[in-house]
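Throughout, protein chains are lettered first and strands after them, A, B, ... in sequence-line order, and every chain is numbered starting at 1.
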Amino acid sequence: MARANDEVAALFQEYADLISITGGDAFRARVYEKAARAIGGHHADVSTLDLKGLQEIPGVGKSTAEKIVEYLGTGSVAAVEKLRAKIPAGVRRLTAIPSLGPKKALVLYQELGISSVDELADAIHEQKLRDLKGFGPRTEEKLLHGIDLLRSAGDRVLVDVAADLAESVVDALSEASGVLRCAYAGSLRRGRETIGDIDVLVAARTPGPVMKAFTELPYVTEVIAHGDKKTSVRTDRGLNVDLRVVPKDSWGAALLYFTGSKAHNIRIRERAVHQKLKLSEYGLFDTETGERIVSCTEEDVYARLGLPWIAPPLREDRGEIEAGLEGTLPELVTEADLRGDLHTHTDLTDGLASLEDMVAAAAGRGYAYYAITDHAPDLSMQRMTKERMLAQRAQVRELRPPRGMRLLHGVELNIGPEGGVDWPDDFLADFDVCVASIHSHFDQSRDALTRRLVRACENPCVNVIGHPTTRLIGRRSGIDADLDEVFAACARTGTALEINAHPDRLDLNDEHILRAKRHGVRFAVDSHAHAVPHLAHMRYGVATAQRGWLTKDDVINTWTLTRLRRFLRKGRA
DNA sequence: GCCGTTTTCGGCCCGACTGTTTTCAGTCG
């Protein structure tokens, strides 16, 4: 069951789309889009708020708040139903086709009665679009191509795939003639968990050579748009890359603009307008004289708008502008702050590398401490026994890792259907650290799942809840537990929540982290490595923690070993 | 429909590219 906030957000997004399609006031549509985002990201559950509380959500006024109350009371909103009755759901679906927006969708529906993607494909093949105003032969071609893309849509890709591609594009273009600077921006720079396309920014004396080099990259399959300032391509990696080329002295304004998010950009541009300034990707200008004031660095632009530099992971219009004005932006945790990793495996269970190899690689990352946490016997395929675990402990105690790195002997316990774990307290008490995770029985009731996690927190030996929602991005949605209750239990019992850094998990996600932090929870950013290369996934976990506004102090594996050990003692005898 | 470090009314972010147009609307980010 989704949070009421998510249901309301989806409803308002649909309402905004329907307003656009029916040719309603574009500003009204934008208001509902904005409200949808604000409600989806709001920490408090809207079903617990009254009319007054709802209006305290920025972007939610009287009319919107009343619609929320109406929805929560009756399960629908009359104004939305009215538009739904005018426009079939399939017409809205048409706007998912690239190059087809609300205006064309309405024309297709009104003139030809087209209300589904299939009907549109048929109509194009029957040449029915020829007589419509604004539809030419190129439009037909683009629509057919767009339909193909939609039908084979891989949607967004995992962040590691996008990062590899982006870094390779940046490396290649940095070598192109006339390129002065090159970097990726967009959602990848903001550290989002999945990426829809890659934005690459170049500062160059002349755009020609770099544009050419770009379209000739080996993984480019198609050039979508090709101009002096912007070129867009599709790649064989399932995502598009946009390249923008700007003059060198526009670098800061352009980087700011292309990093987004769109919502953040709109907010800072509004701020500019209020100061009689105009902000574009070319710089910050005086509206009256047209004179450029600043543009070279992001810091310059923010400063002229009365703001400190805002780190990209915060740029989601989730309060960062207000915090910047008040001087209360968090000092975000960084990868360099991490002193260790608290959830890793070896080939004793389902890891691929030996204890020695994992430890050597961890030492190479400069960690001060490193925990080995192989599986316990309740994941029966791992064939773990007390004897095998104790033998590993002896091996760990004997190892002398380089650079004085300290080894912690831990375990990843399985949280059973009733919330119990593999071993009794007296055996667990001798581990340095216990991670406990759910690995099965994902479909229990909400109450059962909540109780299960709360019981695990109440175990005096459990230090960290591993991959708390068990989601696998794009493959398995997270379990349906009352997370706020779990967060409260973590804070009460001194149990940390994991931010699992593996790109297909990133669990907890940024929004959960923001909510958990309000409960006073501590976090562990862990690689969950099953092989040496996985240790480097930490960067994605850190980015997720940054998106959750976490500081060094919130993350237990940035602490000194002494402070960490005190935390890990928890309720043990 | 929302909102105010000029405003409780009159604004609401800005520019690139494409295709169908003869000067611009639509789409996208």
Side-chain angles (χ1 to χ4, degrees), chain A residues 12 15-16 19-21 23-36 38 54-68 79 94-108 129-143 145-146 185-187 190 195-201 207 211 223-233 240-246 250 253-254 256-285 287 305-306 317 322 325-326:
Chain A
F12 284 158
Y15 191 41
I19 291 171
S20 301
I21 293 169
D25 180 11
F27 294 115
R28 265 185 77 224
R30 224 184 81 184
V31 162
Y32 282 106
E33 251 173 40
K34 211 168 162 180
L54 289 169
Q55 287 185 69
E56 281 167 17
I57 303 173
V60 175
K62 184 157 174 288
S63 172
T64 309
E66 283 169 356
K67 288 189 176 67
I68 299 173
L94 289 179
T95 62
I97 299 170
S99 81
L100 180 55
K103 297 287 185 291
K104 284 201 167 79
L106 183 64
V107 170
L108 289 169
L129 272 55
R130 294 283 162 91
D131 302 330
L132 294 181
K133 188 165 182 287
F135 288 78
R138 286 288 295 145
T139 306
E140 283 186 352
E141 254 175 67
K142 282 190 89 165
L143 288 177
H145 188 48
S187 53
R190 300 200 311 279
I195 304 298
D197 58 26
I198 293 173
D199 297 291
V200 175
L201 181 65
M211 289 299 193
V223 178
I224 304 166
H226 192 23
D228 262 0
K229 302 182 169 63
K230 173 182 171 178
T231 294
S232 301
V233 301
N240 299 349
V241 185
D242 288 345
L243 172 65
R244 289 292 300 248
V245 180
V246 297
S250 293
L256 177 55
Y257 179 67
F258 294 114
T259 297
S261 65
K262 187 172 175 176
H264 178 86
N265 285 353
I266 289 175
R267 287 294 307 279
I268 58 175
R269 284 183 177 204
E270 281 170 356
R271 246 193 103 65
V273 169
H274 285 303
Q275 299 179 33
K276 293 217 185 298
L277 302 169
K278 186 188 73 161
L279 179 61
S280 76
E281 55 265 55
Y282 298 108
L284 188 60
F285 299 85
T287 310
L305 294 173
D317 191 20
E322 292 75 8
L325 291 170
E326 291 167 9

Exercise for review: Would you mind classifying the nucleic acid contact of Lys262(A) as base, sugar-phosphate or nothing, using non-hydrogen atoms under 4.0 angstrom?
Suggested key: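 Since a base atom lies under 4.0 Å of Lys262(A), the category is base.
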Check your understanding: Who passes salt bridge (Lys or Arg N to Asp or Glu O under 4.0 Å) against Glu33(A), sequence neighbours left out?
Key ->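 Checked Glu33(A) against salt bridge (Lys or Arg N to Asp or Glu O under 4.0 Å); zero matches.
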Check your understanding: Roughly how far apart, to the nearest Å, are dC13(B) and dC17(B) at atom P?
Key ->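 Here dC13(B) and dC17(B) have their P atoms 22 Å from each other.
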Point to revise | Interface limits on DNA chain B, where chain A has a heavy atom under 4.0 Å of a nucleotide atom | key: dG1(B) to dG29(B)
Review point. To the nearest 0.5 Å, what is the distance between OG1 (Thr259(A)) and CG (Asn265(A))?
Key: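 Nearest 0.5 Å value for the OG1-CG distance: 8.5 Å.
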**Study point:** Touch class at under 4.0 angstrom, heavy-atom based, for Lys133(A) against every strand present
**Key:**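 Lys133(A): no heavy atom of the nucleic acid under 4.0 Å.
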Exercise for review: Check every strand shown and say whether Leu100(A) touches a base, only sugar-phosphate, or nothing at a heavy-atom separation below 4.0 Å.
Suggested key: sugar-phosphate
Revision key, fill the gap. Heavy-atom nearest nucleotide on DNA chain B taken for Tyr257(A) and for Ile266(A); more 5' hit belongs to Ile266(A)
Point to revise | Rounded C1' spacing from dT18(B) to dT22(B) in Å | key: 16 Å
Check your understanding: How long is the span from the CD atom in Glu281(A) to the CG atom in Leu201(A), to the nearest 0.5 Å?
Key ->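 Going from CD on Glu281(A) over to CG on Leu201(A), the span is 10.0 Å.
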Practice item. Under a 3.5 Å limit for both distances, which nucleotide forms a Watson-Crick or G-U wobble pair with dA16(B), could you say? Key: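 The base-pairing partner of dA16(B), which may sit in any strand shown, is dT27(B).
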Check your understanding: Of Ile97(A) and Tyr282(A), whose nearest nucleotide on DNA chain B comes first from the 5' end?
Key ->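 The answer here is Tyr282(A).
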Check your understanding: Contact class for His274(A) vs. all strands (heavy atom < 4.0 Å): base, sugar-phosphate, or nothing?
Key -> base
Exercise for review: Have a look at Asp228(A) and say if it touches a base, only the backbone sugar-phosphate, or nothing, with a 4.0 Å heavy-atom cut-off.
Suggested key: sugar-phosphate
Review point. What integer number of Å spans the C1' atoms of dT6(B) and dG11(B)?
Key: 13 Å
Exercise for review: Please lay out, stage by stage, how Ile266(A) and Arg30(A) fare under the test side-chain contact (heavy atoms from CB on, under 4.5 Å).
Suggested key: CA-CA 12 Å; Ile266(A) 289 175; Arg30(A) 224 184 81 184; 4.1 Å; yes
**Study point:** Integer angstrom distance from the P of dT21(B) to that of dA16(B)
**Key:** 24 Å
Practice item. Mind checking Ser232(A) for me? I need base, sugar-phosphate or nothing, with any heavy atom below 4.0 Å counting as a touch. Key: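 If one applies the 4.0 Å heavy-atom cut-off, Ser232(A) turns out to touch nothing in the nucleic acid.
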Point to revise | Set of residues satisfying salt bridge (Lys or Arg N to Asp or Glu O under 4.0 Å) with respect to Arg271(A), sequence neighbours excluded | key: none
Check your understanding: On a whole-Å scale, what distance lies between the C1' atoms belonging to dT8(B) and dC3(B)?
Key -> 9 Å
Review point. Taking the C1' atom of each, how far is dC14(B) from dC9(B), in whole Å?
Key: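 Between the two C1' atoms, the distance is 24 Å.
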**Study point:** Spacing of the P atoms in dT27(B) and dT20(B) (rounded, Å)
**Key:**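 Here dT20(B) and dT27(B) have their P atoms 13 Å from each other.
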Revision key, fill the gap. Per side chain to side chain contact (heavy atoms under 4.5 Å, CB included), Pro207(A) is matched among Val245(A), Thr231(A), Leu243(A), Val246(A) by Val245(A)
Point to revise | Assigned glycosidic conformation for dT21(B) [threshold 90° from 0] | key: anti
Review point. With sugar-phosphate meaning primed atoms plus P, OP1 and OP2, does Arg267(A) contact a base, only sugar-phosphate, or nothing at under 4.0 Å between heavy atoms?
Key: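 Here Arg267(A) touches no strand at all.
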Practice item. Anything under 30° is parallel, anything over 60° is perpendicular, the rest tilted; go ahead and classify Phe12(A) against Tyr32(A). Key: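 If you compare the ring of Phe12(A) with that of Tyr32(A), the planes turn out tilted.
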Check your understanding: So what does Glu281(A) hit on the nucleic acid, given a heavy-atom distance under 4.0 Å: a base, only sugar-phosphate, or nothing?
Key ->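 Here Glu281(A) touches the backbone only, sparing every base.
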Exercise for review: Describe the nucleic acid contact of Lys62(A) in one word from base, sugar-phosphate, nothing, applying a heavy-atom distance below 4.0 Å.
Suggested key: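 The residue Lys62(A) makes sugar-phosphate contact but no base contact.
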Practice item. Assign Arg138(A) to base, sugar-phosphate, or nothing according to its heavy-atom contacts below 4.0 angstrom with the strands shown. Key: sugar-phosphate
Point to revise | CZ on Arg138(A) to CG on Leu143(A), rounded to 0.5 Å | key: 11.0 Å
